[in-house]
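Taking it in order: structure first as structure tokens, then the write-up.
Predicted model, so just to flag it, every value in this text is computed and none were measured. Each chain gets a letter, A, B and so on, in the order its sequence line appears, and its residues count up from 1.
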There are 2 protein chains.
Amino acid sequence: MLSTSGMMSTMSASKGGRSAYHHGDLRNALVEAATELARGDGPEAVVLREAARRVGVSATAAYRHFANQADLLQAVKVRGQRELADSMQRGVEAAPGGGDKQQAARDRLWQIGRGYVRFALAEPGLYRAAFCRVPHVSDHPWDEGQPDAAEHGEEYRSFDMLVETLDGMEAAGVMRPGVREGAEFAAWSAVHGLVMLILDGPLSRLPEPVRDAVIDRTIGTVVAGLTREPVRS
Amino acid sequence: MLSTSGMMSTMSASKGGRSAYHHGDLRNALVEAATELARGDGPEAVVLREAARRVGVSATAAYRHFANQADLLQAVKVRGQRELADSMQRGVEAAPGGGDKQQAARDRLWQIGRGYVRFALAEPGLYRAAFCRVPHVSDHPWDEGQPDAAEHGEEYRSFDMLVETLDGMEAAGVMRPGVREGAEFAAWSAVHGLVMLILDGPLSRLPEPVRDAVIDRTIGTVVAGLTREPVRS
DNA sequence: AGTCCATGTTGACATCGTTAACTTCCCCGG
DNA sequence: CCGGGGAAGTTAACGATGTCAACATGGACT
């Protein structure tokens, strides 16, 4: 009953409900188009008029589904977060997973980290959109107050995966004593910062091999900072 | 003899050179105004027309001194970086500095980190501007090719301070063996990422005491990851 | 059959970045 | 001393964007 997917009250349109005037699934179509814009050139490329243009609809039609272009951007953000989490999920599932339990717990942190960075570098525009500042989502009546309770409702699933991983490390007894609390933020900060410095910042011109080494070094530092023993490369 | 400060070829104006028509120091005035805009609301608030308006000059006058608004933004970026480095410098200088040599080397990393974060939280808009993506500085004749050699000419002094600190740690023998290379990027990534998550991202709503704890935890993790022995809180 | 309202449309406005063409004023050589 | 030339500023205009107000359409439900 939230405002998530196209679930308008009385409306037959769901599959072929397009009558050349009433699109039938405009909201999703717009989010789709806007997402492609972000994928191409980041959040600043998410321009409402262009998204509408691509869907073949007038610009103002978008205002039937979004309060703002900020609101549209917010939708793109959510999609970006989802794609990030999905990508990481696939990466983790396709992992070897052998060896002893303790090593596995450590390895999982590595995999999570590498999966995170891999997605960001593969989809720079979308990643930047997923973490961009969204100016101000003006609240419309149908936009029932932003979900403030529940901390973050389903978005930031990538963060949840990180939390689970760290819990697993603690359970396996590989974690340095007393560092569990807040470790998720430390780890997240490191990979997010690394990605941002590479994407927008001063590390953008690093030659690829150096870049990859830096990535491993950064993740390695975090792992070393959180675990009891130093880890092999 | 680069394009840094107001050093126009044949021009008397330097102090009182304002004749109501020829401003005399427009470039600096514009950078100043633009910097204030950024300080207030971040890089997206750096709008060329508004900066010109505040200086009391027509919008197009800015194009005598900047190729683009991107160019203007770039100038703000440089200023932001300088303010960051200055702030960190002051913080480091006002440090106790007692105790044994090894502990001092470790402490300095803490101070650098905290100083970095402190500035970012005190000047969020300017910090975001200092690390924002700048679209494309169209090159004008008087804008003699961007400095690509010398890696980064004087900007990112904060980074240089970090490098010196890490060198000091290695010299003092407190650094975990084999981790020196790339350590600057790992450390930078952690604090930068932390700041971005707090400023623009999902950590923005953290209550202040929790936030401060997270900051210490993040820096602590990096320090632990780079040094031989665990460190006191 | 008739009506209501969600959904789209057209038209207009303010703001922004940017270019073109014109104006001022100061420096420098004759 | 004076007159030209160019640096530095100005006004006018264009295209693009976000957004609002007023109008059109057509499916769903009485």
Side-chain angles (χ1 to χ4, degrees), chain A residues 3 6-30 34 37 41 43-74 134-143, chain B residues 3 6-14 16-30 34 37 41 43-74 134-142:
Chain A
S3 62
M7 186 216 78
M8 40 293 270
S9 54
T10 64
M11 184 50 164
S12 71
S14 193
K15 282 187 181 302
R18 53 186 60 205
S19 61
Y21 198 96
H22 285 28
H23 181 285
D25 195 26
L26 224 198
R27 177 172 171 109
N28 284 340
L30 285 172
L37 290 175
D41 277 327
E44 52 273 4
V46 175
V47 26
L48 186 145
R49 287 181 106 113
E50 174 65 15
R53 214 174 289 138
R54 293 196 177 191
V55 175
V57 90
S58 80
T60 56
Y63 287 84
R64 295 294 166 192
H65 303 271
F66 300 94
N68 274 349
Q69 82 92 227
D71 196 16
L72 174 60
L73 182 53
Q74 175 65 35
V134 40
H136 166 54
V137 182
S138 108
D139 34 74
H140 265 203
W142 40 265
D143 195 35
Chain B
S3 61
M7 187 215 77
M8 40 292 272
S9 54
T10 63
M11 182 52 162
S12 70
S14 195
R18 52 188 57 206
S19 59
Y21 199 97
H22 285 27
H23 181 286
D25 195 27
L26 224 198
R27 174 168 174 114
N28 285 339
L30 285 171
L37 290 175
D41 278 327
E44 51 274 2
V46 175
V47 26
L48 188 146
R49 288 181 105 112
E50 175 65 14
R53 214 173 290 138
R54 294 197 177 191
V55 175
V57 90
S58 79
T60 56
Y63 287 83
R64 295 295 163 183
H65 303 271
F66 301 95
N68 274 353
Q69 80 94 223
D71 196 17
L72 174 59
L73 182 53
Q74 174 65 34
V134 40
H136 166 55
V137 182
S138 109
D139 33 74
H140 265 201
W142 39 266

Residue pair B:A51 / B:L37: nearest heavy atoms and the distance that separates them
N-CD1, 4.0 Å
Expressed as a whole number of angstroms, how long is the span from A:E44:CD to C:dC16:C1'?
16 Å
Which residues satisfy the side chain to side chain contact (heavy atoms under 4.5 Å, CB included) test with B:A61, sequence neighbours excluded?
B:L26, B:V57, B:S58
Quick one: is D:dG9 close enough that its OP1 or OP2 comes under 4.0 Å of any side-chain N or O from B:H65?
yes
Taking all non-hydrogen atoms of both residues, which atom of A:L72 and which atom of A:L48 are closest, and how far apart?
CD2-CA, 4.2 Å
Between A:R49 and A:A59 the two heavy atoms that sit nearest each other are CG-CB, 3.9 Å
Below 3.5 Å is the cut-off: list the nitrogen or oxygen pairs between protein and nucleotides 12-19 of chain D, distance only.
unit_1, atom_1, unit_2, atom_2, d
D:dT17, OP2, A:R53, NH2, 2.8
D:dG18, OP1, A:L48, N, 3.1
D:dG18, OP2, A:L48, N, 3.4
D:dG18, OP2, A:R49, N, 3.1
D:dG18, N7, A:R49, NH1, 2.3
D:dG18, O6, A:R49, NH1, 2.8
D:dT19, OP2, A:Y63, OH, 2.9
D:dT19, OP2, A:Q69, N, 3.0
D:dT19, O5', A:Y63, OH, 3.2
D:dT19, O4, A:R49, NH1, 3.3

Can you tell me how far P of C:dC16 sits from CG of B:L73, to the nearest Å?
16 Å
Can you give me the closest heavy-atom contact between B:H65 and B:R27, atom names plus distance?
O-NH1, 3.1 Å
Round to the nearest Å and state the distance from B:L37 atom CG to C:dG17 atom P.
10 Å
In short, A:A67 meets A:S138 closest at the heavy-atom pair CB-O, 3.1 Å
Heavy-atom pair with the smallest gap, counting every atom of B:H136 and B:N68:
O-ND2, 2.9 Å
Tell me: CZ of B:F66 to P of D:dG9, nearest whole Å?
11 Å
Can you measure A:R27 atom CZ to C:dA6 atom C1' for me and round it to whole angstrom units?
15 Å
Between C:dA21 atom P and B:R64 atom CZ, what is the distance in whole Å?
13 Å
Short side-chain to backbone donor-acceptor contact, A:Q69 and A:V46, under 3.5 Å:
yes
Which string of ( ) [ ] | and . matches DNA chain C, if you list each base 5' to 3' and count Watson-Crick or G-U pairs only when both distances are under 3.5 Å?
||||||||||||||||||||||||||||||
